[in-house]
Trainee: 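One structure, as structure tokens, below. Some questions next.
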Amino acid sequence: MPESTATAGSAARWCVLGRTGAGAWAVVDIAADGTRADPEEIAAEELAAAIARREHRASPRWVWHDTAACYGPLLATGVRVERCHDLRLCHQILRHADSVGDAADLRAARRWDAPPEAEAAAAPPALEAAPTLFDVVAEPRRRHGVPDDLEEALAEFDRQREALASAREPGRLGLLLAAESAGALVAAELSAAGVPWDVDEHDRVLTEALGPRPAADTKPARMIEVGAEVRRQLGSPDAPLDSPPRLLRVLRSAGIEVDSTSRWELAKHEHPAIAPLLQYKKLSRLLTANGWAWLDEWVRDGRYRPVYVPGGVVTGRWASSGGGALQIPRQLRPALRADPGWTLVSADVAQLEPRVLAAMAGDRAMTAAGAGRDLYTGIVESGAVATRQEAKFAMLGAMYGATTGESGRLVPRLRRTYPAAMALVDDAAEAGARGGTVSTWLGRSTHAPDPEWQRVQSSASLPEATGRDEAAARRAARDRGRFTRNFVVQGTAAEWALCWMADLRQRLAAFPPVAERDAARASGPVFERRPHLAFFLHDEVIVHSPAEHADAVAAAVRDSAAAAGRLLFGGSAVDFPLDLRVAERAEKE
DNA sequence: GGTGAAAGCGCG
DNA sequence: AAAGCGCGCTTTCACC
């Protein structure tokens, strides 16, 4: 096909975005047959409009170096895109993927190994002013992060498409790349929309637990009281409660024979100081991690804007950076509160990881145990264990590699009843312990063991190896086995969750907008009039929705879960039931 | 004065 | 109740 037919006038399948040698932004349209148009340079102030125009025409897949850097500013100006290909995230997956036949070129492109751009992650998109999109064009080029040049992007995109084509199962791996990239869009949108946060409710929770907000450098009244009680019971008027090493010495001199000051250790002992000390630690944690200082720093205009880091965990789970988005204590859930006239639709998957395991392994007995009901109850009814709690401990032990204690004791029972599922995790552990790599269902692979691990293993097999060397090698092998055992399950569960969110995101975007007067103004232009994702936590989503759409949104959340199950595990009978609730506040029962 | 490790605890 | 996977954050403390 002649190149002229793939110019901006016709519908592009991919649009590659990057900077020219002179530093200006440019787009290259690529047609479905691979024909490339000449780069079209676009002035920074025109960029959002140009992207919106192409988006409207064809919903191309935007190929860019880093979604947080490119999409954040776009969202702030009100432009949403349907799909993208995040070169940085996809590079990370492809360069390690076992299923890729030839990754040599990709691995040689070391510039693409960079972590997310710190600047992009640290600064949530400014919603106030109407910013000139990408006006960073005038700033000096970033020294960290992956390259944002157009030429580099085109070359890397070629390498990635070749690598994908050489994969054993390009369909699956391609789905992973699409899901990972969609996740990056979701993460940027979550930060832009923010979590609707009720500052007064948060303050109420703090005040109820700690007493009124104290002056700076003063402890809250309740902590002072409880601390005094601890010191009285220890008979030590100035016991240092905030320094574990010093507290440990005080505890021991008071006759409490603990080896650490941790909660589990303390709970084993009987002493009148223990109860108030545990209480003190709880209060201290609440104050330092999510107290008034957190509120001041992270909540503005009724929105908490966390920074998510897609692909930030080796297994493919997201991490977060700043604000502790993935560690919001349950105690503060009531502070997640819908805007007036809006509602929160919250859903979490019941026993996601065991279900994913059953599907991967094609374990019919485990699939049946979870069919249409609580999976742990189903395991009890199969006769493998006696109580739901035992079923849960046994499953967690199987997926984490427990060998001792209650959990380790129960695992063999599961092995008899669910041999296929157990064989899958046992095989993953065995491969890892031998130094091999393992992969998720869609093909994300573990990194090869690091050189230090290899060294420990080989030095144990030398003739002069000591018993100590051998023990160290066995321990390192077992540790890696537990990691790879868990990786296949945790990583595949993360893939399921990405597919769930990607599908849900599209369904939500199709909702009709509400009237302007009913908009959720702090959510930003793209989200203020439609239901949108507001929170994500591994196996849980919260949608902020106009009240009138709540039921339809709840149905969409369920439909998306079913769609994710079909997308990953086509013929499998495994289902993914949700605990779903619609309320003004996001509390759990 | 900054840096980094470790302890401890929050989340799945 | 136990000690097995993956994280981030705050604080303390040893060290430079």
Side-chain angles (χ1 to χ4, degrees), chain A residues 121 219 240-249 258-268 277-278 280-291 293-294 297-298 306-333 348-354 356-357 387-390 392-411 425-426 428-429 432 438 440 444 446 475 478-494 496-497 535-541 579 588:
Chain A
K219 283 196 174 147
L241 303 182
D242 299 315
S243 164
R246 292 196 290 154
L247 175 60
L248 185 60
R249 285 196 288 274
V258 283
D259 295 318
S260 83
T261 64
S262 74
R263 202 159 24 103
W264 278 109
E265 184 86 13
L266 289 168
K268 287 189 287 199
L277 177 54
L278 293 176
Y280 180 89
K281 288 160 82 80
K282 217 176 172 57
L283 295 178
S284 173
R285 166 80 194 190
L286 177 63
L287 176 70
T288 56
N290 296 100
W294 182 92
E297 185 178 354
W298 290 100
V307 177
Y308 293 98
V309 185
V313 178
V314 281
T315 58
R317 272 189 177 180
W318 290 8
S320 68
S321 139
L326 305 181
Q327 298 131 259
I328 299 296
R330 305 194 88 81
Q331 201 178 0
L332 287 178
R333 283 306 182 92
D348 66 273
V349 196
Q351 305 101 31
L352 175 58
E353 291 190 355
V356 158
L357 172 57
T387 66
R388 186 180 185 280
Q389 200 60 255
E390 281 188 344
K392 185 173 177 177
F393 266 77
M395 267 316 307
L396 292 178
M399 294 186 301
Y400 292 167
T403 52
T404 60
E406 179 77 353
S407 190
R409 185 175 65 75
L410 291 166
V411 172
V425 284
D426 289 344
V438 298
T440 60
R444 188 189 307 262
T446 53
R475 190 173 347 100
R478 277 198 309 269
D479 288 350
R480 184 170 156 80
R482 282 196 305 275
F483 164 64
T484 52
R485 169 191 293 273
N486 186 247
F487 179 94
V488 293
V489 180
Q490 187 184 119
T492 303
W496 185 93
F535 188 66
F536 169 64
L537 186 53
H538 305 314
D539 63 354
E540 172 185 7
V541 298
D579 288 330
K588 290 258 176 128

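Proteins come first, then strands; the chains are lettered A, B, ... in the order of their sequence lines, and each starts at number 1.
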Trainee: Base, sugar-phosphate or nothing for A:Ser407? Non-hydrogen atoms, less than 4.0 Å.
Mentor: base
Trainee: Above 12 or not: heavy atoms from other molecules or residues under 6.0 Å from NZ of A:Lys392?
Mentor: no
Trainee: Hey, does the side chain of A:Glu265 reach the backbone of A:Asp259 with a donor-acceptor pair shorter than 3.5 angstrom?
Mentor: yes
Trainee: Nearest-Å distance, CZ (A:Arg475) to P (C:dG4)?
Mentor: 13 Å
Trainee: Roughly how many Å is it from CG in A:Asp539 to P in C:dG6, rounded to a whole number?
Mentor: 18 Å
Trainee: Taking a pair as Watson-Crick (N1 to N3 plus N6-O4 or O6-N4) or G-U wobble (N1-O2 and O6-N3), both under 3.5 Å, which stems of 3 or more consecutive pairs involve DNA chain C?
Mentor: B:1-12 with C:5-16
Trainee: Ignoring hydrogens and angles, does a donor from either the side chain of A:Arg263 or the base of B:dC9 sit under 3.5 Å from an acceptor on the other?
Mentor: no
Trainee: Just the rounded figure in Å: distance from P of C:dA1 to CD of A:Glu390.
Mentor: 15 Å
Trainee: Under 4.0 angstrom, heavy atoms only, what part of the nucleic acid is A:Leu396 near: base, sugar-phosphate, or nothing?
Mentor: nothing
Trainee: Classify the nucleic acid contact of A:Arg485 as base, sugar-phosphate or nothing, counting any heavy atom under 4.0 Å across all strands shown.
Mentor: nothing
Trainee: What is the separation between atom CG on A:Leu248 and atom C1' on B:dA6, rounded to the nearest whole Å?
Mentor: 14 Å
Trainee: Check this for me: does the side-chain of A:Arg330 come within 3.5 Å of the base of B:dG10 through a donor and an acceptor?
Mentor: no
Trainee: Select one nucleotide: of C:dC9, C:dT10, C:dG6, the one nearest the side-chain heavy atoms of A:Gln327.
Mentor: C:dC9
Trainee: Would you indicate what A:Gln389 reaches in the nucleic acid, counting non-hydrogen atoms under 4.0 angstrom: base, sugar-phosphate, or nothing?
Mentor: base
Trainee: Go through it in stages, so that I can follow the logic: the residues are A:Glu406 and A:Glu390, the test is side chain to side chain contact (heavy atoms under 4.5 Å, CB included), and I'd like the CA-CA distance, side-chain angles, deciding distance and then a yes or no.
Mentor: CA-CA 8 Å; A:Glu406 179 77 353; A:Glu390 281 188 344; 4.2 Å; yes
